[in-house]
Number of protein chains: 4
Amino acid sequence: MNTVDDSARRRELRTAAARLFRKVGYPQATVRDIAKAVGMQSGSIFYYFKTKEDILVDVMNEGMRQFLEAARVPMDDAVHPRMKLRTLLVRHLMTLHQRNNDELAVVLSEWRSLSPRARRQIVAQRDEVEAVWNRVLRELADARLISGDIAILRLAILGAANWSVQWYDKKGKLSIDELADQLLDLFVPISARTAS
Amino acid sequence: MNTVDDSARRRELRTAAARLFRKVGYPQATVRDIAKAVGMQSGSIFYYFKTKEDILVDVMNEGMRQFLEAARVPMDDAVHPRMKLRTLLVRHLMTLHQRNNDELAVVLSEWRSLSPRARRQIVAQRDEVEAVWNRVLRELADARLISGDIAILRLAILGAANWSVQWYDKKGKLSIDELADQLLDLFVPISARTAS
Amino acid sequence: MNTVDDSARRRELRTAAARLFRKVGYPQATVRDIAKAVGMQSGSIFYYFKTKEDILVDVMNEGMRQFLEAARVPMDDAVHPRMKLRTLLVRHLMTLHQRNNDELAVVLSEWRSLSPRARRQIVAQRDEVEAVWNRVLRELADARLISGDIAILRLAILGAANWSVQWYDKKGKLSIDELADQLLDLFVPISARTAS
Amino acid sequence: MNTVDDSARRRELRTAAARLFRKVGYPQATVRDIAKAVGMQSGSIFYYFKTKEDILVDVMNEGMRQFLEAARVPMDDAVHPRMKLRTLLVRHLMTLHQRNNDELAVVLSEWRSLSPRARRQIVAQRDEVEAVWNRVLRELADARLISGDIAILRLAILGAANWSVQWYDKKGKLSIDELADQLLDLFVPISARTAS
DNA sequence: AATGAATGAGGTTTCATTCAT
DNA sequence: CATGAATGAAACCTCATTCAT
């Protein structure tokens, strides 16, 4: 990460862009808006990013990096598979609802604005995250704790979790741990809850 | 519904617009694209719609109308509340995954593109749908079949259901009934399933 | 040539563009300038041309078409080869110095501004013109009226002729016929002038 | 020629600029391109040149200086006028086709990019060159070796010679001496070649 | 002597919209 | 009903230029 690739100013721009992209959407957020948000002229943006889409790619890469970081937790083999899934879920939801985490919301909503080339790059990272979830779900299936297609189950769990970005309010009554447990109960039925 | 308000041509335009809005997003779908999809020139669109946003409003109104239609099912008071919720859920998911039902996908993804004025109008309809769900959830709460904040529960259920628009494939193994039951089990725990 | 490909307005734009390209050069001629020259707004240009480069391509195609027209004169086999060359030269110079023939000047000076793709297309037309000249020069060589490399000779003749665009004034003393004869004498020496 | 006016670095910049101006044209050559060619940042250029146009003026001055140097050869009055013209022509062509002599090509092609003020300065130098040619052509006319308007003849000779910049390849078969002789024969007809 | 950061004017292009026909 | 032509505001982006360091 040299000065241009991840300078403080570039980070500042990425953050401001993420907030705007989340708020009004990537296509409606103008380069001028982003520049104004950090007190720049619009032309100056292009000292840091080659194109507007590059800003989006940078935002989404950062978002994906955080998702990956949440998924890449070292887990003791001895831990019960259901507990492993719970850990993944809690870390995923925590990452999602941290303060000002606009990058993650953008990852979930703006993939349509990516060029095919950039999309491939982001999808590759998403696949990495899903591979981690698949591994844990495979363990649960091997232990007969879940049944059915693992892929669909993964989509359902991550989908339900990700949708919370649209309504979950971390100042509300429901804690992230509680939300995680509720979702867990849905997909890994209670009767399976033995040694957690 | 006079000739101008809902002529065959106008419906044709709305359908084409919905498909485009879903595929590339409202801001990226140009009036020219929509016109070309029905074999028109872009200028002709404005004989049917005053502005581009009016097309979006029309699409979303139609989407909301369908959601409302799904929610407004006459239900015998004698029916078990859990069964009532199941009926709502099945009808909601059916509506969502019918063929070419792009209006609904647009309702879920493009509310950011509405002006405040139009948004208020759409939100009013959404509130109507939610009121129906709230009534049924209230019955479930009164019968001690669920606990917690009804609003949050409603958001969670509808959220999980709506997210399926991003992954559910009606040609796949999972039937809509099965999906409904899985979701139902999540939010109205199995132990509560007594007299359904 | 349908309405959009060669409408009066499109021709008008091409003519105005050619004049500007010749006067200030393609890169310095702005789309706004061209539009203003025909009393339009800059945005309107793009109803007729997809890009600014397309205007240049259109201008150069028209220029090349005229060069080709000048070269494609039916010639009786019995005519003396030197006379054939003179005909080519006169027609070429006439075409070059007709009134307002800015397209031709642009062909000669703006090839650097073409993208590789467009350049290939223009070069193909130029090759057609050169083929005609080569044929006549071949006849002269076969009749021992000239010696040396035909390609270099062609370049020298056309070069000297084309350079005249930078200085020849048709209102001056030198007529185009006289200019043609002077050039002819240079490359097909006088001693060879027998039956012309 | 103090340190700022003709330092090694400044010469390096001029050379790099000349190459770029020739290759892509002055308007398309960016200051960044020029800077990169000598391993500088674009801002640093302005330590050596006040404006981008000043670079062009410097390049063209250098080009003109070389043309003048070619023209300013001391010539014995006793030499035959036709031989004097040949000397001018050979030196002119040699100067034109020396290795990396991009300044000269730029002189011939980029005069349109000069401001009126700068143009006047360059034109003044060009006039000096032309004066030398005129003097020799006058001698030829006085000796009845040529006829017609001297100015037009000069334009034709220099034009044909200068056009060679677009096609002459010094690695090809035609030597510069041969080219000079061919051109000479054109404008000072063979029959006049008596005492050379 | 040189740089890195930033400017701001201006370029090409897009696109919703208008309107005479 | 529908079109073809045109608009004009605003978008993204470029680039010569400045200036503190």
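Just the heavy atoms: all of them, side chains too, but no hydrogens, waters or symmetry mates, feed the values below. Proteins get letters first, then strands, A, B, ... in listed order; numbering begins at 1 in each.
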Name all residues meeting the side chain to side chain donor-acceptor pair (under 3.5 Å) criterion together with D:Gln28; count only those two or more places apart in sequence or in a different chain, and write none if there are none. C:Ser113
Which string of ( ) [ ] | and . matches DNA chain F, if you list each base 5' to 3' and count Watson-Crick or G-U pairs only when both distances are under 3.5 Å? .||||||||||||||||||||
Nearest-neighbour nucleotide for the B:Phe46 side chain, E:dA16, E:dT7, E:dT13 considered: E:dA16
Give a yes or no on whether the backbone of [Y] and the side-chain of [X] come within a donor-acceptor separation of less than 3.5 Å.
X: A:Arg9; Y: A:Val38; value: yes
X: C:Tyr26; Y: C:Ser109; value: no
X: A:Gln66; Y: A:Leu104; value: no
X: B:Arg19; Y: B:Asp102; value: no
X: A:Arg32; Y: A:Ser42; value: no

Checking C:Arg112 against D:Glu110 for the salt bridge (Lys or Arg N to Asp or Glu O under 4.0 Å) test, could you report, in this order, the C-alpha distance in whole Å, the side-chain angles of both residues, the deciding distance, and whether it holds? CA-CA 12 Å; C:Arg112 255 187 332 201; D:Glu110 296 294 346; 2.9 Å; yes
Could you pull out the closest heavy-atom pair between D:Asn61 and D:Gln125, with the gap in Å? OD1-OE1, 2.6 Å
For D:Val59 and D:Ala18, the nearest pair of non-hydrogen atoms, with its separation, is CG1-CB, 3.9 Å
Under 4.0 Å between a side-chain N or O of B:Tyr47 and OP1 or OP2 of F:dA2? no
State whether C:Gln41 places a side-chain N or O below 4.0 Å from either non-bridging phosphate oxygen (OP1 or OP2) of F:dG8. yes
Could you give the [atom1]-to-[atom2] distance, from [X] to [N], as a whole number of Å?
X: D:Leu56; N: F:dT17; atom1: CG; atom2: P; answer: 12 Å
X: B:Phe21; N: E:dA16; atom1: CZ; atom2: C1'; answer: 12 Å
X: B:Phe49; N: F:dA2; atom1: CZ; atom2: C1'; answer: 16 Å
X: B:Ile45; N: F:dG4; atom1: CD1; atom2: P; answer: 14 Å

Give one of base, sugar-phosphate or nothing for A:Thr51, where a contact means two heavy atoms less than 4.0 Å apart. sugar-phosphate
By nearest-heavy-atom nucleotide on DNA chain F, the more 5' of C:Ser44 and D:Lys52 is C:Ser44
If each of A:Lys50 and B:Gly39 is mapped to the nucleotide of DNA chain F with the nearest heavy atom, which maps nearer the 5' terminus, i.e. the 5' end? B:Gly39
Need to verify one output field. Residue with the more 5' nearest nucleotide on DNA chain E, A:Met40 or B:Pro27? A:Met40
Looking at residues 28-36 of chain B, who's got a heavy atom less than 4.0 Å off DNA chain E? B:Ala29, B:Thr30, B:Val31, B:Arg32
